[in-house]
Amino acid sequence: MSSNVPISQTNITAPTPQNTPLTHAPIASGLSRPTVPDISEDNEPAEDEVEGDEEGDLQSAMLGMVKGRLAGLVGTSSGYIENLPVEVKRNVEALKGVQVKQTDLQNKYKRECLELEKKYLALAKPLYERRHALVTGTAEPTAEEIEEGEKQSAKDDEDYTPLPKDAAAGPSTGIPEFWLTAFRNHPGLAELITDRDAAGLKHLIDVRLEYLADDTEKPGFKLLFIFSPNEFFENEILEKTYLYQPEVGYSGDFVYDHAIGTEIKWKDDKDLTKEFEIKKQRNKNTNRTRLVRKARPADSFFNFFSPPVPPTSEAIESGDIDEDELEEVEEKLEVDYQIGEDLKEKIIPRAVDYFTGKALEYEVLDDSEDDFEDLDDDEDDDAGNFDDDDSDSDVPSRRRAPPKGRGAGAAGSNVNPEECKQQ
């Protein structure tokens, strides 16, 4: 297209101007995955059903091929921008210049949000110290604190029974296994904690949050896990530091760079991240046997302090790490970052709600629409054949009532991002 053609006379249409998006091709709109019934001796498929399944498999294969071709086109230029008149290109470049200033403004905004978080963490510090004293039993609860807590309990539960007013105050026992119970009531952490870990986490007496100093190269925060003396490791404090990239990402939020964990100084034979087995070995020359103790990696919450290492761009470009390995590392990094973010944003600020299970009311299960299927018309017609007592026993729910009591857990969670939240 010549640059001297007036814009008013130019037919400019560009449904995909710069990069080809990964969208379904028109053929996909008429295809659907067939529902294949279970095949048993008492339920042999009809001939037309078999033909229908084969046709559905063919359609699925065609759909997959179309998606694969589209995936190869993602990010490629459609030629639209290159063929714009020079007058329009100048405006496009000017918009990019405006965007640079807008991005700088977003950077400043996120930095100020981070400073605001630091300010309110400092204001909350006395409250966290008071919580620690009540949990460990080094301080007695005041009448005012108990009264405020009961008001909140009555507000949350209309059937709440107030504590007896004439109960004599005894020696403070604190709240045993407070943090272990709170962790078990978080869906993500509950999956990491094994029965062996519980023996170590019983000694966890506090979890604290600190932000990195302003003069550090990269912004970030630090999680501190405070333990009482125990038989498993010598450390009094286990730390986990999360670092952000210096500039905000394309979405306008901070982007995680990497995490650093404390090296745990395990006591003899107490490493919870390893399983030990005894094997017999025979000497080929002397024919004598001996017992050898071998260790192998084990699933453990304490692996949290040995975070996965992001692969370097050089390793990816050189092919030293294949696609499957890269995907596995990315999944581990995502889980690690999410756990850190939930500790920072949810568990530390609302630890008592995770201890009681109240927080589970706000943990929405990560149920995909693919997990649910529509009932056939015949099944809807038969719904009246069931008694009322069974009518809703197996009905799936997008939001399930949380279990109550200590140690209750849930299957999954979705994060509800809040403003000024670093991701």
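Residue numbers count from 1 along this sequence.
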>> If you apply the rule side-chain contact (heavy atoms from CB on, under 4.5 Å), what do you find for Asn235 with Thr262, and how did you get there?
In response: CA-CA 9 Å; Asn235 311 63; Thr262 296; 3.7 Å; yes
>> On a heavy-atom basis, which atom in Leu114 and which in Pro219 lie closest, and how many Å separate them?
In response: CD2-CB, 3.8 Å
> What pair of heavy atoms forms the shortest contact from Ile260 to Leu243, and how long is it?
Replying inline: CD1-CD1, 4.2 Å
>> Less than 6.0 angstrom separating the ring centers of Phe227 and Phe232, yes or no?
In response: no
>> Show, in sequence, the C-alpha distance, side-chain angles and deciding distance for Asp206 and Arg208, and conclude whether the salt bridge (Lys or Arg N to Asp or Glu O under 4.0 Å) test is met.
In response: CA-CA 7 Å; Asp206 202 7; Arg208 301 170 188 169; 2.8 Å; yes
> Do you know the tightest heavy-atom contact between Arg196 and Asp271?
Replying inline: NH2-O, 3.6 Å
> If you measure only the distance, is there a donor-acceptor pair under 3.5 Å linking the side chains of Glu87 and Asn91?
Replying inline: no
> Checking side-chain hydrogen bond (donor to acceptor under 3.5 Å, both in side chains) for the pair Thr194/Asp299: CA distance, chi angles, key distance, verdict?
Replying inline: CA-CA 7 Å; Thr194 66; Asp299 292 335; over 6 Å; no
>> Tyr128: which residues meet the ring pair (Phe, Tyr, Trp, His ring centres under 6.0 Å) condition with it, sequence neighbours left out?
In response: none
>> If you apply the rule salt bridge (Lys or Arg N to Asp or Glu O under 4.0 Å), what do you find for Glu328 with Lys332, and how did you get there?
In response: CA-CA 6 Å; Glu328 181 180 355; Lys332 290 181 178 179; 3.5 Å; yes
> Going through the distances and angles, do Lys346 and Asp353 end up as a salt bridge (Lys or Arg N to Asp or Glu O under 4.0 Å)?
Replying inline: CA-CA 10 Å; Lys346 295 182 176 181; Asp353 290 340; over 6 Å; no
>> With salt bridge (Lys or Arg N to Asp or Glu O under 4.0 Å) as the criterion, how do Glu117 and Lys344 come out once you've worked through the C-alpha distance, each side chain's angles and the decisive distance to 0.1 Å?
In response: CA-CA 11 Å; Glu117 288 187 10; Lys344 169 179 174 283; 3.3 Å; yes
> Does a side-chain N-to-carboxylate-O contact under 4.0 Å join Arg130 and Glu145?
Replying inline: yes
>> Would you call the rings of Phe183 and Trp179 parallel, tilted or perpendicular, taking 30° and 60° as the class edges?
In response: perpendicular
> Does Lys240 make a cation-pi contact with Phe304, if we ask for NZ or CZ under 6.0 Å from the ring centre and within 45° of the axis?
Replying inline: yes
> Hey, is Glu239 close enough to Lys222 for a salt bridge, meaning N to O under 4.0 Å?
Replying inline: yes
>> Would you say CD of Glu144 has more than 12 non-hydrogen atoms from neighbouring residues, nucleotides or ligands within 6.0 angstrom?
In response: no
>> Enumerate the ring-ring contact (aromatic ring centres under 6.0 Å, His included) contacts for residues 266-291, please, sequence neighbours excluded, ordered by first and then second residue.
In response: Phe233-Trp266, Trp266-Phe302
>> Give me the atom names and distance for the closest heavy-atom approach of Ala182 to Ala351.
In response: CB-O, 4.0 Å
> Side-chain donor-acceptor pair under 3.5 Å between Glu150 and Tyr160, yes or no?
Replying inline: yes
> So, are Arg184 and Glu191 salt-bridged, with charged N and O less than 4.0 Å apart?
Replying inline: no
>> Angle between ring planes, Tyr244 versus Tyr256, binned at 30° and 60°: parallel, tilted or perpendicular?
In response: tilted
>> If you compare all heavy atoms of Pro176 against all heavy atoms of Thr173, which two are closest, and at what distance to 0.1 Å?
In response: CD-O, 4.3 Å
> Passes side-chain hydrogen bond (donor to acceptor under 3.5 Å, both in side chains), Tyr242 versus Glu341? Steps please.
Replying inline: CA-CA 9 Å; Tyr242 286 90; Glu341 192 71 23; over 6 Å; no
>> For Ala259 versus Asp336, what's the shortest heavy-atom pair and its separation?
In response: CB-OD2, 3.8 Å
> With no hydrogens and no angle check, is any side-chain donor or acceptor of Glu275 less than 3.5 Å from a backbone partner on Arg296?
Replying inline: no
